[in-house]
Chemist: 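Below you will find the structure I want to go over with you.
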Amino acid sequence: MTEKPKVATASLAGCFGCHMTLLDIDDRILSLIDLIDFDKSPIDDIKELGDCTVGLIEGGVSNSENLETLREFRRKCTILVSMGDCATSGGIPAMRNTVPLKECLEEAYLNGPSVVDGVIPNDPDLPSILDRVYPCHEVVKIDYHLPGCPPSADSIWAVLNFLLSGEENLELPYELIKYD
Amino acid sequence: MTATEIKTVTRKIVIEPVTRVEGHGKVTLLVDENGHITRARMHVVEFRGFERFIQGRPFWELPVAVQRLCGICPVSHHLAAAKATDWLVGGENLTPTAQKMRRLMHLGQTFQSHALHFFHLCSPDLLFGFDAPVSKRNIIGVIREHPDLAVQGVMMRKYGQEIIKATAGKKIHGTGAIPGGINKNLSIEERDFFLSDIEQMIEWAQGAVELIKGVHAQMPDLMKTFGAFPSNHLSLVREDGALDLYHGNLRAKDSLGNIIFDQVDYANYLDYIREEVRSWSYMKFPFITSLGKENGWYRVGPLARINNCDFIPTPLAEAERQEFMKEAEGGTVVNTTLHYHWARMIETLHSIEGIRDLLNDPDLQGDDLIVRGEKRKECVGLIEAPRGTLFHHYRIDDNDQVTMANLIVSTTNNNEAMNRAVQTVAAQYLDGNEITEPLLNHIEVAIRAYDPCLSCATHAIGKMPLEVELVTEDGEVLDSKFKNR
Ligand code: SF4
């Protein structure tokens, strides 16, 4: 049996909606597992990323952990795809780029109307937050950008099939790439 | 390296990442030289800053913007924000069509979310055992070994997602609810499409309740003791005490079933609930003010709701509730972590019964969609999200721009309970033992019972990868072990 291509996925500073849309391929997931093997992904238990044909990234880069994960994906994946608006542009989490980080923390942990005896979390067990939320392509080279919040299940399905086919040009019909 | 070999250091065991909900989570355990666990914490390690950066945005963006916090149950945030902004436009008394469309959307989401959690995420543990081989313990293992069951789970989730699409316009991050109402009704074609599968869905939901009851019958001791601890319980209930996921007043009970408060108008939530911040987690710790930080923490979600309500207003689920309540040891409240699964399946059955009743209601085809009245500057919206009570609170200025946003999300309400579950299971299973992969999975099983939505990677599709590190107190890594290799 020849080895199936490997696909890995990661969620950085996203809401997981893009991953949920991946699940919205519904019963096509039954044929997907004949087509590919999942490598590291929230879909399975694999902890260490192996060499993969395709990596799908959800979410932008908001903290030091996101940064490490994205760099590792770039090293191990032949084709890296920014999946959804957060990965391609930072998305809603990047709205914090307009405000100093300190103010965001103070609002949540000191000023909130339900907070008592507030303190800003600062334990060494927490990763450091970056000054801004960065889209993935500002951190590593990204091969494909898939717009949408989230992209539709049909477009993720079409893109996956295209990338695995090894063909040169992908033409997605308008319905599959339109923004909303 | 085992516990006994490291005599001189306190070990810190890190389990990471635990889960994403509004971010990533991890667990740290401190173990003394005798292998006893001296501290167990679940940290949420991601921070968004939503409360601040939404300021200045026009209020009508709230129902579509806030849901981007969470793609696992965006409908909950969509509807909680819509319920809040209803007040801003004086449209809180929705038309029957608007209210029922929103209820349908919400039940569709509860149905899909509970099905996803049970079949995709938890069934591997329940079917194969907590310490089954890693390779098998995931949804793909279920597809391979129990294809019928896996297909049921996939199709139930799909049905709920299609309901969301028909009511919100889109399966994830829809736009159906707007301040004061909704922007579409349900067509006859859509209704008939859903009615054609409804009996099948009800049957499958009943099957899921039977499945979890079978698990309890098989290993009653494990199910009753695993991560069990007494707690208070908080949820919305209807005015007559019925379970209601969309609207109601706040009720809190203690671990014995005594009422702490009841029928509290949630607009006054600040008189009853406060939040503590701890320096080691971005997730706050809510508590009932009158009981204080130490004793005021509580559980929310399916277990709390089934405990708190007087009855369920749909017959099949009500019969199941009565059977479930027999599990309450000598009281009127079930305080066991693993009973969450059972309670969740009762709610799944309730959701699909509720969907059937709504589909048969001609109000869904009405065209009176929006109400407007006197404008206001401050609003609170609550809803029972799949994972528990969700609070949204906003203030706006004369220009309709947001000036204050306070969110207490469902998973946050369970923060202390999840920490207790981790502590309890660590003490029950890990204390004094060499840490092995199956033991680590026990911690996962405990956290997962709460269906935490720390942005839900794990929640959505599979298992949380865990990593254990042995480090000295000054941070030297002595040994590390990947759970999922
Ligand atoms: S693009 Fe949208 S759906 Fe995807 S992670 Fe970002 S907010 Fe969520």
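Proteins come first, then strands; the chains are lettered A, B, ... in the order of their sequence lines, and each starts at number 1.
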Chemist: If I take atom CD1 from residue A:Ile33 and atom CD1 from residue B:Ile143, how far apart are they, to the nearest 0.5 angstrom?
Modeler: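 A:Ile33 atom CD1 to B:Ile143 atom CD1 measures 4.0 Å (nearest 0.5 Å).
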Chemist: Sort A:Ser62 into side chain, backbone, both or neither according to what part of it lies under 4.5 angstrom from a heavy atom of chain B.
Modeler: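 Interface part for A:Ser62: side chain.
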Chemist: Who wins among B:Arg41, B:Glu276, B:Arg144, B:Arg278 for the most heavy-atom pairs under 4.5 Å with chain A?
Modeler: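 When all of B:Arg41, B:Glu276, B:Arg144, B:Arg278 are compared, B:Arg144 has the most.
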Chemist: Within this structure, what is the CZ-CZ distance for the pair B:Arg52 and A:Arg96, rounded to the nearest 0.5 Å?
Modeler: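 So the CZ of B:Arg52 and the CZ of A:Arg96 are separated by 13.0 Å.
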Chemist: Under a 3.5 Å distance rule, please check whether A:Tyr109 uses its side chain to pair with a backbone N or O of B:Tyr282 as donor and acceptor.
Modeler: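 At least one qualifying donor-acceptor pair exists.
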Chemist: What closest approach, in Å, do B:Ser281 and A:Pro121 show between heavy atoms, and which atom pair accounts for it?
Modeler: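 Heavy-atom minimum between the residues: O-CG, 3.3 Å.
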Chemist: Rounded to the nearest 0.5 Å, what's the gap from CZ on B:Phe50 to CE on A:Met95? Could you check?
Modeler: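 Taking CZ in B:Phe50 and CE in A:Met95, the distance rounds to 6.5 Å.
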Chemist: If I take atom CE from residue A:Met20 and atom CZ from residue B:Arg157, how far apart are they, to the nearest 0.5 angstrom?
Modeler: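 Going from the CE atom of A:Met20 to the CZ atom of B:Arg157 covers 4.0 Å.
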Chemist: Is it the backbone or the side chain of A:Leu110 that comes under 4.5 Å from a heavy atom of chain B, or both, or neither?
Modeler: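 Contact with chain B is absent: no heavy atom of A:Leu110 under 4.5 Å.
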Chemist: Can you tell me which portion of A:Val116 sits under 4.5 Å from chain B's heavy atoms? Options are side chain, backbone, both or neither.
Modeler: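 Contact with chain B involves both backbone and side-chain atoms of A:Val116.
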Chemist: Which residue in the set B:Ile172, B:Leu69, B:Ile72 passes side-chain contact (heavy atoms from CB on, under 4.5 Å) when paired with A:Phe16?
Modeler: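 The residue from B:Ile172, B:Leu69, B:Ile72 that satisfies side-chain contact (heavy atoms from CB on, under 4.5 Å) with A:Phe16 turns out to be B:Ile72.
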Chemist: Can we say B:Lys171 and A:Asp26 salt-bridge, meaning some charged N sits less than 4.0 Å from an Asp/Glu carboxylate O?
Modeler: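 So B:Lys171 pairs with A:Asp26 through a salt bridge.
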Chemist: Backbone N or O of A:Gly91 within a donor-acceptor pair of the B:Arg68 side chain at under 3.5 Å?
Modeler: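 No, because the side chain of B:Arg68 does not come within donor-acceptor range (under 3.5 Å) of the backbone of A:Gly91.
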